[in-house]
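First comes the structure, then the notes that go with it.
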Amino acid sequence: MQKTCTIDIETTINSGQVFLWNKIEDQWIGVDGKDILILNQSPFRARSSGSTSNFFREDDNLEKILSNISRDKIVRKAVKQSPGLRLVRQDPFQCYISFICSSNSSIKNIKSMLENLCKKFGTKREFNGYKLHLFPKPEILANASMKDLIGCKLGFRAKYVKEASQVVNSGKIDFSWLKKTDYFTALESLKKILGIGNKVADCILLFSLDKMDAFPIDRWTQRILLKYYKKNFDDVIEKPLTEKKYEKLHEEIVKYFGPYAGYSQQFLFKMERDLNKKNWL
DNA sequence: TCATCACCTGGAGA
DNA sequence: ATCTCCAGGTGAT
């Protein structure tokens with residue numbers, strides 16, 4: 001109970017992990033796969049229209065994790081700045097499509113694309129007086145026409161979304177299996193899919209498949225590494241990372257930050273974007 | 001294996 | 001007004 005109270009909902013929603021969320025009056029309403037979630041900060045309350053539980057990873061031993069990652073001075077500062085920030089455990093299919101859509105885009109635009117997909121393809125559902133569209137099922141997106149997907153403003157990602165949905169719908173990608181297997185095996189499976197490279201795969205692994213050693217390296221993370229950790233890692237560079245550079249850097253990072261490297265990344269990412277006054281949802 | 005380049009779209013800044 | 005650049009990258013050459 002005490003742990004629950006330390007979760008900062010707004011900080012967590014506004015940390016680049018999720019997109020289909022809106023603040024209405026004093027509560028956050030969001031879509032997670034086939035569920036609608038309603039969150040209140042004080043008193044803390046999380047309601048789900050379905051079976052979603054542990055959205056905030058309440059089963060993690062946070063005390064242990066925070067003390068582990070706080071060995072690093074910069075991370076310690078980031079944790080102190082946003083102590084209520086949590087990693088979330090999202091619906092895997094939604095997370096997968098979300099981050100495929102994220103490539104070369106902005107948070108605002110990603111949110112818009114996903115809302116369009118829900119409106120066009122998701123089942124309408126009412127929960128506690130709120131009517132919204134759930135996230136579309138793999139089967140629906142797998143069989144969607146390119147015209148309709150383009151209509152959702154996906155741009156060049158339309159093809160990625162369709163193919164990625166087909167892979168899930170056919171059973172070639174099985175999220176429950178990916179959850180059970182190790183980081184590297186899951187990573188390799190995801191990267192075979194069109195539209196998924198190292199960064200997108202790491203986001204999916206960290207935010208929905210329980211891989212806490214996933215450490216997404218995007219533009220911001222790269223800036224962070226350059227700014228604070230230049231001396232710690234041989235492979236930090238200013239230029240865009242090639243695939244091999246990314247892998248090598250990731251290896252060094254996990255060695256340095258430890259098994260909960262993903263948590264470190266989230267705190268650092270939040271800190272640096274806030275520092276630069278970047279917008280969230 | 002690496003370096004370039006194009007890519008849908010929307011918004012910000014020159 | 002019009003252009004350029006960038007935004008949580010990836011794929012093709």
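All chains are named by letter (A, B, ...) in the order of the sequence lines, taking the proteins before the strands, and each is independently numbered beginning at 1.
- Taking atom P on both nucleotides, C:dT4 is separated from B:dA6 by 13 Å, rounded to a whole Å.
- The CZ-C1' distance, from A:F99 to C:dA7, rounds to 14 Å in whole Å.
- When side chains are defined from C-beta on, A:T221 does not count as touching A:L268, because their heavy atoms never get closer than 4.5 Å.
- The nearest whole Å value for the distance from the CD1 atom in A:I100 to the P atom in C:dA7 is 22 Å.
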Residues 184-206 of chain A side chain polar contacts: donor-acceptor under 3.5 Å, at least two apart:
{"unit_1": "A:T185", "atom_1": "OG1", "unit_2": "A:D182", "atom_2": "OD1", "d": "2.4"}
{"unit_1": "A:T185", "atom_1": "OG1", "unit_2": "A:D182", "atom_2": "OD2", "d": "3.2"}
{"unit_1": "A:S189", "atom_1": "OG", "unit_2": "A:T185", "atom_2": "O", "d": "3.0"}
{"unit_1": "A:K191", "atom_1": "NZ", "unit_2": "A:N198", "atom_2": "OD1", "d": "3.1"}
{"unit_1": "A:K191", "atom_1": "NZ", "unit_2": "A:E243", "atom_2": "OE2", "d": "2.9"}
{"unit_1": "A:K191", "atom_1": "NZ", "unit_2": "A:E247", "atom_2": "OE2", "d": "2.7"}
{"unit_1": "A:D202", "atom_1": "OD1", "unit_2": "A:Y183", "atom_2": "OH", "d": "2.7"}
{"unit_1": "A:D202", "atom_1": "OD2", "unit_2": "A:Y246", "atom_2": "OH", "d": "2.7"}

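- Taking atom CD on A:E243 and atom P on B:dT4, their separation rounds to 18 Å, with Å as the unit.
- Non-hydrogen atoms lying under 4.0 Å from DNA chain C are contributed by A:I193, A:L194, A:G195, A:I196, all within residues 185-196 of chain A.
- Pairs engaging residues 267-281 of chain A under the salt bridge (Lys or Arg N to Asp or Glu O under 4.0 Å) rule: A:K227-A:E272, A:K270-A:D274 [sequence neighbours left out].
- Straight-line distance between the P atoms of B:dC8 and C:dT2: roughly 24 Å, to the nearest whole Å.
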Which pairs would a plain distance check flag for residues 173-180 of chain A, meaning a side-chain donor or acceptor within less than 3.5 Å of a matching protein atom at least two apart in sequence or in another chain?
{"unit_1": "A:D174", "atom_1": "OD1", "unit_2": "A:S176", "atom_2": "N", "d": "3.2"}
{"unit_1": "A:D174", "atom_1": "OD1", "unit_2": "A:S176", "atom_2": "OG", "d": "2.9"}

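- Between the side chains of A:Y229 and A:E252, no donor-acceptor pair of N or O atoms lies under 3.5 Å.
- Rounded to whole Å, the distance from NZ on A:K248 to P on B:dT1 is 12 Å.
- Evaluated for a ring-ring contact (aromatic ring centres under 6.0 Å, His included) with A:F215, the options A:F257, A:Y256, A:Y263 yield exactly one hit, A:F257.
- Side chains of A:R86 and A:S15: a donor-acceptor N/O pair is absent below 3.5 angstrom, by distance only.
- For the contact set between residues 261-268 of chain A and DNA chain B, defined by any heavy atom under 4.0 Å, there are no members.
- Side-chain atoms of A:K23 and A:N14 form no donor-acceptor pair, as typed in the model, at a separation below 3.5 Å.
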* Structure fact -> Under a 4.0 Å heavy-atom criterion, the protein footprint on nucleotides 8-14 of chain B, written with B, S and -, is BBS----
* Structure fact -> For DNA chain C, the dot-bracket notation using Watson-Crick and G-U wobble pairs below 3.5 Å, [ ] for pseudoknot-type crossings and | for other-strand pairs, is .||||||.|||||
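- Among the heavy atoms of the strands lying under 4.0 Å from A:S15 is at least one base atom, whether or not backbone atoms are also near.
- Counting heavy atoms from C-beta on, the side chains of A:S82 and A:D8 never come closer than 4.5 Å.
- Grouping the Ile, Leu, Val, Met, Phe, Trp and Tyr side chains by contacts below 4.5 angstrom, directly or via other members, places A:V18 with A:W28.
- No side-chain heavy atom of A:Y130 sits under 4.5 Å from any side-chain heavy atom of A:I36.
- Counting any heavy atom pair closer than 4.0 Å across all strands shown, A:Q17 reaches a base atom.
- Contact check of residues 203-210 of chain A against DNA chain C (heavy atom, cut-off under 4.0 Å) returns A:C203, A:F207.
- The distance between atom CG of A:N276 and atom P of C:dA7, rounded to the nearest whole Å, is 11 Å.
- In this view, A:N169 satisfies the side chain to side chain donor-acceptor pair (under 3.5 Å) rule with no residue, not counting sequence neighbours.
- Between the NZ atom of A:K199 and the P atom of C:dA7 there is a distance of 13 Å, given to the nearest Å.
- Following rounding to the nearest Å, A:K244 (NZ) and C:dT10 (C1') show an atom-to-atom distance of 15 Å.
- Listed in residue order, the members of residues 221-240 of chain A having a heavy atom less than 4.0 Å from DNA chain C are A:R223.
- A salt bridge links A:R89 with A:D59: at least one charged nitrogen is closer than 4.0 Å to a carboxylate oxygen.
- Note: CH2 (A:W220) to C1' (C:dA7) measures 10 Å, nearest angstrom.
- Legend: residues meeting ring pair (Phe, Tyr, Trp, His ring centres under 6.0 Å) with A:H133, ordered by chain and number and at least two apart, are absent.
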Without placing hydrogens or testing angles, list every side-chain donor-acceptor pair under 3.5 Å for residues 113-125 of chain A, not counting sequence neighbours.
{"unit_1": "A:N116", "atom_1": "ND2", "unit_2": "A:S112", "atom_2": "O", "d": "3.2"}
{"unit_1": "A:N116", "atom_1": "ND2", "unit_2": "A:C152", "atom_2": "O", "d": "3.1"}

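- Using a 4.0 Å heavy-atom cutoff across all strands shown, A:F269 reaches at least one base atom of the nucleic acid.
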* Please walk me through it: do A:D60 and A:Y260 pass side-chain contact (heavy atoms from CB on, under 4.5 Å)? -> CA-CA 11 Å; A:D60 279 345; A:Y260 309 112; over 6 Å; no
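- With a 4.5 Å cut-off on side-chain heavy atoms, A:F127 and A:S48 do not count as touching.
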